[in-house]
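Remarks on the structure that follows.
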Amino acid sequence: AFLYLRNRPDRQSSGPSRPMAFKRHLLTGSLLSNINAMAKQATLSSFFGKNAAAKKGEVKISTREKATAPTETKAKGNLKNDDDSVNRSKITESEDLDLIDTDDEVIVRTNAADDDSTIKSNNKKLAKAESERQNRVEKQRSKLEDSSDDGDFEIDGKEKDFEETSDDEDEEFNEPLQTLKKRKRGTGTTTETAPKKMTSSYTASDSKVKSKSGKTFASILSDAELASEKGSWKDGAPMNYSILCKTLSEVEAITSRLDIASYLTSLFRLCLIKNPDDLITLVYLASNAVAPAYQCVELGIGDAILIKAVGEANGSNPSIIKKKYEVDGDLGTVAMTAKAKQRTLGFGMKPKPLLAKEVLSVFRKIATTTGSKSQKWKVDKIKGLLVRAQDVAESKYIIRGLQGKLRIGLAQSTVLISLSHAIFLSGPLTQSTKHETNDVLSEDAKNVSNEKLNLGSRLEAAVNIVKKAYSEVPSFDALVSALLIVPLSHLHKECTLRPGLPVEPMLAKPTKSIQEVLKRLSGKRFTCEFKYDGERAQVHLNRNGETNVFSRSLLDTSQKFPEVPLYVKEACVDSKVDSFVLDTEVVAYNRETQQFVPFQILSTRKKTEESEENAKVKVIIQAFDLMYLNGESLLDRTLSERRELMKKNFKAIDGKFQFATALDATENGDTAILEEFLDTAVKGQCEGLMVKTLDENASYQPSYRSLNWLKLKKDYLEGLGDSVDLVPIGAYYGKGKRTGVYGAYLLACYDEDTEEYQSVCKIGTGFSDDDLKALSESLNNNRMIEKSTQYNVSPTLDCNVWFEACQVWEVKAADLSKSSTHKGAVDKTGESGRGIGLRFPRFERVRNDKRPDQATTSDQILDMFYAQDSIVDKGYADDGI
DNA sequence: GATGTCTGCCC
DNA sequence: ATTCTGC
DNA sequence: GCAGAATGGGCAGACATC
């Protein structure tokens, strides 16, 4: 909400705002209304400036979000002006913002964390530090209120030198590509920036803090100690991007998850101490996101554009960069070494250091820029960032960030852990028990403020609270602003499930056998549901009558399925149902034959379908869970309660809305029920079964928690599913941790008639690390100079290297499908040019007992395709898929 | 305007 | 989606 | 068992290019 206010479009270009004013506002008011406003708006306009299209032919800046509310556009000058808004919200009263600073050792490092007396003394100190902090915060507040009434929008006249380019350099790194030389294995971590293990923020890995459940935490520095390190960050100053990069480098160099979280925690704490306003920026950058998922912000940047940008930034031909990338396996490192070379030349002046918020801001601009020539524009933007990157590591993380994967062993879940630790330890609010309330507190809320508990347990409670909050309101803006104004024990009240904002969906874990399923159910009552082959859809209705549909990854798919909320509303038993969140699978459906239609057909739906009538592909809803009903969250109810409420308040509608077919049972060692029901499901064109406990451990646990549901598919079972024997005919260089080996192979079946090998899939999973190494080595003995004329492969699948047909691999797949890229049984499919490909292929083993010409034949592939239960209506097979 | 390439998102 | 791996 | 990082087929949509 904080950010929302700060970035209101009407303030977007008005110069620096004063965060203090908003703080005061927020300290008194409830966040709820603001978050609701966010939900309602859920538009980019609340986060980014809008820029109406400029003149014809120029790049226009627009939003791509598909959120509910219409966005009012606001013309606002040209691109250049927009850039300057980057440096908004500069903080001037630096001393005042040194909120937290205590000379006391906040937490004692101890080897005897289980020793009660030590814990007590730890906690005493903690309490003392917290009360001091509280005092300071109080002082802060009054100061802020005094000073927040005027001068809100001064213009910060400083020019950013974003547009600086580097056309003065012509150096190329033209080293020839060493084809498949021995490369370093592992994460691709380079040694240049790797710090000594455990130096900066954490010391003494031998002293750990233990929680009740036995989790250990590294020992913890006090705020004062923390602040005195990394001295380059001035109090109140905006954070330099290099500070983040330093932590990222540290994290990249280590593998211990606890240590990774610790480094990040230290960084978050430092941010809280030095400049809390940057925390949200930091959280976004660390988790490598740009906006909440449901806002549907796409960077629109991929390897191709990045290669171009890196090339241009240091004056090399993109094809050279591309080759470097193939050898190096990491575009970030390529950019980094390019940068290093560039700098040793010593041309030009040192540009201004990049600020963290500038980097995020550019990312966002890139994301919101569309239209003709926008790619060129994006390349220029990226170039601008690369030129300004100070430390070589900065270019590395800029590039990797834009690639969408930091690849340092740190992702969203760890960010949430570190964020909660940091807030607990150094947040502006005390986490002790002083906040009285009438609400019933959760166990975690009680624990986090229970000073009698040891630190580890309190930290663990903090993590639970933060993760729960985020899973119900998956927006860092909402989360961070709430964390800064309410204690952890009250977080859930602010960040709680409501229709209009997606909940992280519950996920299922694959199981390899029916025995495994039974073992996990051990005597409990459970239900099996058909697992439909469609698209997950979370359907929302709020009390204003507004509806949304969200995808599995929380994107707003309301426009893709406009009829879905209508069907669900129709399915409500009466008008008393005024709000709900329903978990469903949307499946393509043929109303004439009353049969399900394969996923491949469903996926031809437009991203925006105008109406039910206009949509070529009709759908049916298969509902299986209810998370919210009539103003009340059902997340903590058991599945059997939720399901009962669902069936009581909704009814099936022919061809539009059904409940997932289910069978209830109690585990008693009998496998027959499951086997038989699985068979029924597969015959009914389903992928398999979902197995869920009904009463015990049966609350709705969003994705982060655990994969508490089980999924059972035929192809998981040994000896079942489609298993084929294929020939590796080519390979692609591996990236990241697969640098140095082939990351994927191209596999072919054998056509006896034409004696050619036809590609049916690439394969990149199922290999152990040893497999990858061994296969690379052995196949390198059978390299060919170029593609064999015997290989029928689409040019779009061009391999980096080609092999003689010399091996046969057993491969498992879930399905076979008509393919425009693969050539299996091409010319026998009834559609010219189209072959058959495999769905979800994975490597099982090498078949040393088979010669390549004994591989699965294209005729067999064709038979398998037609034998599928999903091809009930041959019409699909011969026409349309 | 047709075609090709790239990207993101479904699974 | 599937799968593997270090913690 | 979690979290992270490798990798799959195939579709629509957005741009770039011819």
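Here is how names work: the chains are called A, B, and so on, in the same order as the sequence lines, proteins then strands, and each is numbered from 1. A quick note: this is a predicted structure, and the numbers were derived from the prediction, not measured.
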Separation of [X] atom [atom1] from [N] atom [atom2], in whole Å?
X	N	atom1	atom2	value
A:Ile408	D:dA5	CD1	C1'	12 Å
A:Leu554	B:dC10	CG	P	10 Å
A:Lys378	D:dA16	NZ	C1'	13 Å
A:Arg605	D:dG10	CZ	P	22 Å
A:Asp769	D:dA5	CG	C1'	11 Å
A:Leu775	D:dA6	CG	C1'	15 Å
A:Leu772	D:dA6	CG	C1'	9 Å
A:Asp722	C:dA1	CG	C1'	16 Å

Could a donor-acceptor pair under 3.5 angstrom be found where the side chain of A:Thr765 meets the base of C:dT2? yes
Applying a 4.0 Å non-hydrogen cut-off, can you work out what [X] is touching in the nucleic acid: base, sugar-phosphate, or nothing?
X	value
A:Tyr716	sugar-phosphate
A:Phe767	sugar-phosphate
A:Gly534	sugar-phosphate
A:Lys467	sugar-phosphate
A:Lys711	sugar-phosphate
A:Asp815	nothing
A:Ile305	sugar-phosphate
A:Lys713	sugar-phosphate

Proximal nucleotide (of [options]) relative to the [X] side chain:
X	options	answer
A:Ser768	D:dA5, D:dG10, C:dT5	C:dT5
A:Thr255	B:dC10, C:dC7, B:dG8	C:dC7
A:Arg257	C:dG6, D:dG9, B:dC11	C:dG6
A:Arg552	B:dC11, D:dG9, D:dG10	B:dC11
A:Ser551	D:dA3, D:dC15, B:dC10	B:dC10
A:Lys607	D:dA12, B:dC11, D:dA5	D:dA12
A:Lys606	D:dA16, D:dG8, D:dG13	D:dG13
A:Phe840	D:dG8, D:dG9, B:dG8	D:dG8
A:Lys735	D:dA3, D:dG10, D:dT7	D:dT7
A:Ser820	D:dA6, D:dC11, D:dG9	D:dC11

Backbone of A:Gly534 reached by a side-chain donor or acceptor of A:Glu585 within 3.5 Å: yes
Donor-acceptor pair, A:Thr856 side chain versus A:Asp725 backbone, under 3.5 Å? yes
Residue whose nearest DNA chain B nucleotide is more 5′ - A:Thr796 or A:Lys531: A:Thr796
Taking only Lys NZ, Arg NE, NH1 and NH2, and the carboxylate oxygens of Asp or Glu, determine whether A:Arg839 and A:Asp533 approach each other closer than 4.0 Å. yes
Between A:Glu535 and A:Arg605, is there a side-chain N and carboxylate O pair less than 4.0 Å apart? no
Judged by nearest nucleotide, the residue sitting upstream toward the 5' end of DNA chain D, A:Leu406 or A:Lys376, is A:Leu406
Return whichever of A:Gly743 or A:Ser703 has its heavy-atom-nearest nucleotide of DNA chain D closer to the 5' end. A:Ser703
Does one side chain, of A:Ser319 or A:Asn317, offer a donor that lies under 3.5 Å from an acceptor on the other? yes
With no hydrogens and no angle check, do the side chains of A:Tyr263 and A:Glu250 hold a donor and an acceptor under 3.5 Å apart? no
Parallel, tilted or perpendicular: which fits the ring planes of A:Phe550 and A:Tyr294, with parallel below 30° and perpendicular above 60°? perpendicular
Write down the distance separating the C1' atoms in C:dA1 and B:dG8, rounded off to the nearest Å. 15 Å
When the ring centroid of A:Tyr532 is compared with that of A:Phe624, is the distance short of 6.0 Å? no
Does a nitrogen or oxygen in the side chain of [X] sit under 4.0 Å from OP1 or OP2 of [N]?
X	N	value
A:Arg842	C:dT3	yes
A:Gln600	D:dG9	no
A:Ser603	B:dC10	no

